[in-house]
Amino acid sequence: QVQLVESGGGLVQAGGSLRLSCAASGRTFSSYAMGWFRQAPGKEREFVACINRNGGATYYADSVKGRFTISRDNAKNTVYLQMNSLKPEDTAVYYCATGKYGGLVYRTNDYDYWGQGTQVTVSS
């Protein structure tokens with residue numbers, strides 16, 4: 001049984017930073033891409049960032065490019081999202097997910113297991 005557990009969310013002022021973590025179990029972590037998505041109240045879930053199975057390639061949504069960094073530690077079965085220069089519009093529940101494949105994917109349908117989410121709130 002695949003489990004993903006996110007942590008690191010919280011309340012931060014605009015311009016601040018947070019680092020999200022997602023610990024995975026129940027699957028060969030290093031065989032699959034990992035992604036981060038977010039969902040704000042009243043909005044659809046949207047792609048944030050993804051990383052391929054060995055960490056050698058990453059892809060970001062335009063809205064976070066240059067501010068967020070995704071990384072992974074396959075020895076620890078963990079993926080991270082470093083978020084800098086946070087803005088109030090980054091406020092959302094953030095979800096990590098495992099891809100169905102090893103390469104970069106950004107559509108929700110290309111991910112098959114999801115965490116429970118962690119709340120990120122950025123105050124102005």
Side-chain angles (χ1 to χ4, degrees):
Q1 182 179 356
V2 177
Q3 284 192 319
L4 301 173
V5 180
E6 301 101 334
S7 61
L11 173 64
V12 64
Q13 289 188 333
S17 298
L18 283 174
R19 188 193 196 203
L20 305 184
S21 299
C22 173
S25 62
R27 179 183 250 187
T28 305
F29 182 76
S30 60
S31 294
Y32 300 93
M34 295 294 296
W36 286 96
F37 291 75
R38 67 186 181 186
Q39 188 167 17
K43 295 188 177 181
E44 292 187 354
R45 189 170 299 188
E46 65 173 2
F47 168 78
V48 174
C50 63
I51 188 167
N52 72 339
R53 64 180 183 176
N54 65 12
T58 57
Y59 181 71
Y60 298 91
D62 288 344
S63 58
V64 307
K65 200 173 296 182
R67 300 188 297 122
F68 291 10
T69 302
I70 187 171
S71 61
R72 66 189 296 162
D73 185 338
N74 285 347
K76 295 183 178 180
N77 288 0
T78 301
V79 63
Y80 306 97
L81 185 68
Q82 178 67 44
M83 306 186 294
N84 298 329
S85 303
L86 283 161
K87 305 175 181 180
E89 51 264 43
D90 294 319
T91 295
V93 177
Y94 283 70
Y95 300 89
C96 71
T98 62
K100 296 178 181 176
Y101 321 105
L104 295 177
V105 287
Y106 59 89
R107 300 179 304 174
T108 55
N109 287 346
D110 290 325
Y111 290 81
D112 51 5
Y113 294 98
W114 297 79
Q116 82 288 351
T118 185
Q119 176 71 46
V120 171
T121 303
V122 184
S123 63
S124 57

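Across every non-hydrogen atom of N74 and N54, the tightest pair is ND2-CA, 4.1 Å. Among all heavy-atom pairs drawn from S124 and P88, the shortest one is CB-CG, 3.8 Å. The two atoms that bring T91 and V122 nearest to each other are OG1-N, 2.9 Å, heavy atoms only. Of all heavy-atom pairs spanning V2 and G26, the tightest one is CG2-O, 3.7 Å. Counting all heavy atoms, side chain and backbone alike, V64 lies closest to V48 at CG2-O, 3.5 Å. Smallest separation of non-hydrogen atoms from C22 and L4: SG-CB, 4.0 Å.
A continuous path of ILVMFWY side-chain contacts below 4.5 Å connects M83 to V12, so both sit in one hydrophobic cluster. Following chains of ILVMFWY side-chain contacts shorter than 4.5 Å, one cannot reach L81 starting from L11, and the two form parts of different hydrophobic clusters. If you chain together hydrophobic residues whose side chains sit under 4.5 Å apart, Y80 and F68 never meet in one group. Criterion: ILVMFWY side-chain heavy atoms under 4.5 Å apart, direct or through other members. Under it, Y94 and Y106 are not part of a common hydrophobic cluster. Both V79 and L20 are members of a single hydrophobic cluster when ILVMFWY side chains are connected at heavy-atom separations under 4.5 Å.
Ring to ring, F37 and W114 are close: their centroids are under 6.0 angstrom apart.
No donor-acceptor pair closer than 3.5 Å links the side chain of Q39 to the backbone N or O of A92. For N52 (side chain) and A57 (main-chain N/O), a donor-acceptor pair under 3.5 Å exists by modelled atom type. Side-chain atoms of Y111 come within 3.5 Å of backbone atoms of V105 as a donor-acceptor pair (strictly under, hydrogens ignored). A donor-acceptor pair under 3.5 Å is absent between the side-chain atoms of R53 and the main chain of Y101, judged by distance alone. Not one N or O on the side chain of Q82 forms a donor-acceptor pair closer than 3.5 Å with the backbone of I70. In terms of modelled atom types and a separation under 3.5 Å, the side chain of T78 and the main chain of K76 share a donor-acceptor contact. The main-chain N or O of R38 is never found under 3.5 Å from a side-chain atom of R45 such that the two would form a donor-acceptor pair. For the pair K100 (side chain) and N109 (backbone), a donor-acceptor distance under 3.5 Å is present.
Residue pairs that meet the side-chain hydrogen bond (donor to acceptor under 3.5 Å, both in side chains) test with at least one member in residues 10-23, sequence neighbours left out, are S17-N84.
Within the cation-pi definition used here (under 6.0 Å to the ring centroid, within 45° of the axis), R107 does not qualify as a partner of F47. A cation-pi arrangement is found for R27 relative to Y32, the charged atom lying closer than 6.0 Å to the ring centre and inside a 45° cone about the ring normal.
Atom CG of residue L104 and atom CG of residue D110 lie 11.0 Å apart, to the nearest 0.5 angstrom. Remark: S63 OG to E89 CD distance equals 9.0 Å, nearest 0.5 Å.
S71 is not listed as a side-chain neighbour of D73, based on a closest heavy-atom distance of 4.5 Å or more. Within the 4.5 Å cutoff, side-chain heavy atoms of M34 are placed close to those of F29.
K65 NZ: more than 12 foreign heavy atoms inside a 6.0 Å radius.
The closest side-chain donor-acceptor pair between T98 and D112 falls under 3.5 angstrom. With no hydrogens or angles considered, a side-chain donor-acceptor pair links T121 and Q119 at under 3.5 Å.
Not counting sequence neighbours, Y60 has no partner by the ring pair (Phe, Tyr, Trp, His ring centres under 6.0 Å) test.
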